[in-house]
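For clarity, every value in this text was computed on a predicted model and none was experimentally measured. A note on names: the letters A, B, ... follow the listed sequences, proteins ahead of strands, and every chain is numbered from 1.
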Number of protein chains: 2
Amino acid sequence: MTLRDVSEASGVSEMTVSRVLRNKGDVSAATRAKVQEAAKLLGYVPNRIAGSLASSHVNLVAVIIPSLKNMVFPEVLSGISDELDESVLQPVVGVTGYRPEKEEQVLFEMLSWRPAGLIIAGLEHSDASRAMLAQAAIPVVEIMDVDGAPIDSCVGISHRRAGHEMAEAILRAGYRRIGFLGTQMPLDHRARKRFEGFTRTLAKAGIEIEGQEFYAGGSALVKGREMTQAILDRHPDLDFLYYSNDMIGAGGLLYLLEKGVDVPGKIGLAGFNGVELLDGLPRKLATMDACRREIGMEAARMIKARIAGQGEPGKIMTMTPRLELGQTLIRS
Amino acid sequence: MTLRDVSEASGVSEMTVSRVLRNKGDVSAATRAKVQEAAKLLGYVPNRIAGSLASSHVNLVAVIIPSLKNMVFPEVLSGISDELDESVLQPVVGVTGYRPEKEEQVLFEMLSWRPAGLIIAGLEHSDASRAMLAQAAIPVVEIMDVDGAPIDSCVGISHRRAGHEMAEAILRAGYRRIGFLGTQMPLDHRARKRFEGFTRTLAKAGIEIEGQEFYAGGSALVKGREMTQAILDRHPDLDFLYYSNDMIGAGGLLYLLEKGVDVPGKIGLAGFNGVELLDGLPRKLATMDACRREIGMEAARMIKARIAGQGEPGKIMTMTPRLELGQTLIRS
DNA sequence: CTGAAAGCGCTAACAG
DNA sequence: CTGTTAGCGCTTTCAG
């Protein structure tokens with residue numbers, strides 16, 4: 001089923017059929033009707049592969065994320081998808097599993113489709129990846145993080161600053177014996193930066209983290225419980241626990257409440273991400289919103305603008321996450 | 001940057017360069033090396049648009065799902081993505097927002113890329129959608145649901161049966177005054193089928209649902225709390241609540257535990273999906289696993305097989321969800 | 001093992 | 001407003 005079929009069925013030249021189907025150029029109402037009828041009758045679906053090759057315009061936006069298992073990324077994707085929905089652009093998603101080699105491979109695959117733009121999570125990329133992007137010469141928006149040197153545009157939050165602000169709030173509230181619980185993911189740069197921002201701020205106040213606990217795999221809620229128990233077994237005097245994400249934080253919160261521990265009196269808690277789930281917990285966990293949906297939407301907007309020839313390259317947009325004290329961090 | 005550039009840089013014909021880059025046909029080691037060096041030096045990324053047009057082989061698998069906001073679908077996607085990872089196939093995702101018109105539109109868009117196969121959620125599609133799929137003549141796998149007539153292949157669970165089995169377990173445990181809490185989504189056919197299977201089985205036992213509550217939007221956990229309160233306000237005598245998904249069920253569970261209600265003695269609870277989250281709750285909610293990841297992986301496997309010319313068309317695979325009684329449904 | 005010719009299905013550019 | 005011509009960048013096919 002090709003344009004030629006529609007052309008023959010309607011008695012109109014292929015070129016004019018093409019114009020009708022793309023709403024491009026002036027075509028008389030009569031011809032237009034004939035063509036549309038023939039196309040519908042035949043159930044013609046244009047071949048974008050041929051179309052894109054001929055026009056060298058591709059309506060694809062490549063999106064590269066580390067994972068689909070962590071709800072954070074589907075939320076970003078959802079923002080991108082919703083925003084692109086109002087345009088002709090279509091997202092194509094690739095998943096790297098947090099692995100740089102895989103990122104390179106996925107990037108290569110995606111670029112081979114000659115997308116009109118690219119959205120990619122994080123600022124850390126291999127030299128090979130950077131080289132590919134430079135060659136591709138398409139608008140690139142790096143998302144989620146702004147702590148570093150973007151290739152082109154960038155929208156996200158400062159995770160270092162997020163860690164820093166949480167540390168300040170904790171200190172301000174008077175907590176001093178602080179533990180950290182996180183994921184065993186050396187390649188999660190954003191978690192690492194939050195940790196750095198956090199510990200550096202504590203250090204400036206002359207405080208060092210008294211205990212740490214890391215996990216990998218499994219149900220985050222369960223792991224949060226287990227880690228909380230473990231860290232308190234080893235460091236019973238801790239008066240605050242900072243979790244690298246809300247799910248393990250929620251697990252810890254549930255565990256402590258069951259134990260009858262006074263939260264936030266005896267021990268304070270905080271997580272990170274601002275997941276909706278927290279609203280339904282018995283007590284609201286302190287957290288910091290990562291602006292996931294907004295980041296996705298803004299990235300999509302930037303790409304749209306650039307493709308439309310409007311936005312400037314190199315634009316950096318820093319979102320400011322709200323600190324939400326909830327009910328697990330004493331107000332100061 | 002085209003094949004021609006690599007050809008000129010390496011002094012090898014375009015055709016042979018093409019063969020090297022695709023590992024196709026016999027090429028001497030010497031030529032191969034020359035070509036690979038030139039390609040790497042230039043940072044050449046093949047143009048799959050041209051390649052696909054010329055060969056009429058497209059390594060894309062279209063995946064159409066209702067939403068990214070409900071964790072269920074990213075989980076299925078993740079299964080598909082992981083399974084396709086070991087092949088040359090690449091998933092391309094489209095989102096319908098549960099709207100049939102949007103599904104048609106997304107399907108049209110996707111088919112215009114001439115994917116090698118299609119995975120689509122659900123068995124309910126408009127006539128136009130079915131017509132497009134028929135014309136496309138590619139392997140189609142409908143997923144998540146098996147209650148209906150598939151277009152081609154199909155892998156999922158019977159939601160009617162899931163509702164039926166849960167009803168049986170509830171009756172067996174001796175509960176009689178039953179309430180239902182679900183989403184306000186007339187187009188979520190799977191939720192509807194569970195409800196049908198559930199009520200039909202109750203009816204056979206001479207029992208009718210005594211109260212219902214529906215929600216739309218907002219945090220499911222919070223809504224679960226609110227709905228639970230609301231339904232019990234209106235029907236204080238209910239002794240069982242069946243939730244159409246685990247998140248609202250978890251909200252209900254937390255609410256009742258806080259109230260000091262005897263679960264499952266005074267009132268029993270059950271959800272649906274088998275989300276990992278449940279493992280970390282104070283009490284484990286009864287549920288039924290929807291086999292989300294497995295369905296994704298199996299669908300991807302079916303597509304791979306079909307594209308490789310192996311699998312039979314029309315294969316239907318019914319997964320059997322495990323009933324997990326947890327600690328909110330009295331054992332019988 | 002290597003190359004030349006032809007064309008995938010469509011659209012840009014130009015001519016009427 | 002409509003049609004013709006010439007590719008887009010690659011691969012198929014066939015010839016050496």
Side-chain angles (χ1 to χ4, degrees), chain A residues 1-36 38-39 42-60 88 108-109 111-116 135-138, chain B residues 1-36 38-39 42-60 88 108-109 111-116 135-138:
Chain A
M1 170 73 39
T2 69
L3 256 196
R4 155 172 258 121
D5 297 306
V6 182
S7 166
E8 283 169 3
S10 61
V12 177
S13 78
E14 284 188 43
M15 198 50 231
T16 300
V17 170
S18 169
R19 281 195 269 254
V20 171
L21 265 22
R22 285 178 300 145
N23 261 316
K24 199 98 189 242
D26 290 331
V27 180
S28 76
T31 328
R32 182 176 299 278
K34 259 195 300 188
V35 170
Q36 280 168 337
L42 295 172
Y44 173 67
V45 176
N47 185 330
R48 268 204 208 289
I49 298 199
S52 296
L53 181 61
S55 66
S56 50
H57 285 317
V58 183
N59 70 340
L60 259 23
V88 294
F108 187 85
E109 286 295 318
L111 291 181
S112 75
W113 285 103
R114 299 292 188 270
Q135 279 251 352
I138 55 174
Chain B
M1 172 70 43
T2 69
L3 255 196
R4 156 172 256 118
D5 297 306
V6 182
S7 165
E8 282 168 3
S10 62
V12 176
S13 79
E14 283 188 42
M15 197 48 236
T16 301
V17 169
S18 170
R19 281 195 269 253
V20 171
L21 265 23
R22 287 178 298 143
N23 262 317
K24 200 101 189 237
D26 290 332
V27 180
S28 74
T31 334
R32 181 175 299 278
K34 259 196 299 188
V35 170
Q36 281 169 336
L42 295 171
Y44 173 68
V45 176
N47 185 330
R48 269 205 208 288
I49 300 203
S52 297
L53 181 61
S55 65
S56 50
H57 285 315
V58 184
N59 70 339
L60 258 25
V88 294
F108 187 86
E109 285 295 319
L111 291 181
S112 75
W113 286 102
R114 301 290 188 269
Q135 279 252 351
I138 53 174

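For the pair B:Ala29 and B:Ser56, both in contact range of DNA chain C, the more 5′-proximal nearest nucleotide belongs to B:Ala29. For the pair B:Lys24 and B:Ala50, nearest-nucleotide mapping onto DNA chain D gives the more 5' position to B:Ala50.
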From CA spacing to verdict: side chain to side chain contact (heavy atoms under 4.5 Å, CB included), B:Val6, B:Leu42
CA-CA 7 Å; B:Val6 182; B:Leu42 295 171; 4.1 Å; yes
Given side chain to side chain contact (heavy atoms under 4.5 Å, CB included), test A:Lys34 with A:Val12 step by step and report yes or no.
CA-CA 8 Å; A:Lys34 259 195 300 188; A:Val12 177; 4.2 Å; yes
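Note on A:Ser55: every side-chain N or O is 4.0 Å or more away from OP1 and OP2 of C:dC10. Distances shorter than 4.0 Å separate some side-chain N or O of A:Arg22 from OP1 or OP2 on C:dT11. The phosphate of C:dC8 (OP1 or OP2) has no side-chain N or O of B:Ser52 nearer than 4.0 angstrom. Using a 4.0 Å cut-off, no side-chain N or O of B:Ser18 falls inside it from OP1 or OP2 of D:dC10. In this model, the phosphate group of C:dC1 is not approached by any side-chain N or O of B:Thr31 to a distance below 4.0 Å at OP1 or OP2. Listed pair B:Thr16 / C:dG3 meets the phosphate criterion, a side-chain N or O lying under 4.0 Å from OP1 or OP2. Considering only side-chain N and O atoms, B:Tyr44 lies nowhere under 4.0 angstrom from the phosphate OP1 or OP2 of D:dG9. Between B:Ser13 and C:dG3 there is a side-chain polar atom (N or O) within less than 4.0 angstrom of OP1 or OP2.
Put simply, the side chain of A:Arg48 and the base of C:dG9 share no donor and acceptor less than 3.5 Å apart.
Rounded to a whole Å, the CG atom of B:Asn23 is 12 Å from the P atom of D:dT11.
B:Arg4 CZ: 12 or fewer foreign heavy atoms inside a 6.0 Å radius.
Looking at heavy atoms from C-beta onward, A:Glu8 lies out of side-chain contact with A:Thr2 at the 4.5 angstrom threshold.
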